[in-house]
Amino acid sequence: DRLAQTLSKQCYLFFSSASRLTYLGFKAANDALSRPASSPQRGLLANKAAAFLRAASRHWYDPTLVAGRTDSSETWVDLANRAFDAGSPLARAADVLMELGQVEGLVDVCLICAANFGGAKVPRDNTKELEGETANAVMDWEKGLY
């Protein structure tokens, strides 16, 4: 965790804050999945994972990263499978949040990510996202680099 934090602060073009938030979200999710389903720790870790992934999804701007390569002749199931196989953070987040029963977190992540591609921006809700864990500001010209 310290390495991720250090990299995101000192080498942000290599390991962005979004990368750190995504890493922390999946780390918390995997930790939650390792706990018994009825464990209170599982619920706390699942909420933490959803919060990190909500914050990370604000930085998923690249359509290829989010959806993988697309072909207009494919069905939505094929597109979803291709995105998951390509390592799409959105597809992976959807999978793990559903496995954790975090439906509200999944919907938030999808809507936040969709807002990155046009339409109205989703307002920040600090009751759902981690205070003090917000990502460093990224210049407009840097968005295409990630």
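Because the structure is a prediction, the values reported are computed rather than measured. Just so you know, residue 1 is the first one in the sequence shown, and it goes up from there.
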Is it the case that one hydrophobic cluster holds both L97 and L33, taking links as side-chain heavy atoms less than 4.5 Å apart, direct or via other members?
yes
Side-chain donor/acceptor of N30 to backbone N/O of F26, under 3.5 Å
yes
Heavy-atom nearest pair, D108 first then R54, reads OD2-NE, 2.8 Å
Might you point out which heavy atoms bring P36 and R42 nearest each other, and give the distance in Å?
O-CD, 3.4 Å
Within a strict 4.5 Å, meaning less than it, do heavy atoms of the Q102 and L53 side chains meet?
no
Less than 4.5 Å apart, any side-chain heavy atom of L106 and any of C110?
yes
Backbone N/O of Y61 and side chain of N116: donor-acceptor pair under 3.5 Å
no
Non-hydrogen atoms of S57 and I112 that approach each other most closely
OG-CG2, 3.2 Å
So the salt bridge (charged side-chain N to carboxylate O under 4.0 Å, His left out) pairs with at least one residue in residues 22-34 (sequence neighbours excluded) are D1-K27, D31-R35
Answer whether the closest heavy-atom distance between the side chains of W60 and T22 falls below 4.5 Å.
yes
Identify the heavy atoms of A49 and G25 that sit nearest to each other, and give their distance.
CB-O, 3.4 Å
How long is the gap from OG on S39 to CG on L44, to the nearest 0.5 Å?
8.5 Å
Tell me whether L21 shares a hydrophobic cluster with L45, the cluster being built from Ile, Leu, Val, Met, Phe, Trp, Tyr side chains joined at under 4.5 Å.
no
Closest non-hydrogen atoms of H59 and A18, given as atom of the first, atom of the second and distance, are CB-CB, 3.3 Å
Minimal heavy-atom distance between F52 and L24, with the atoms involved, is CE2-CD1, 3.7 Å
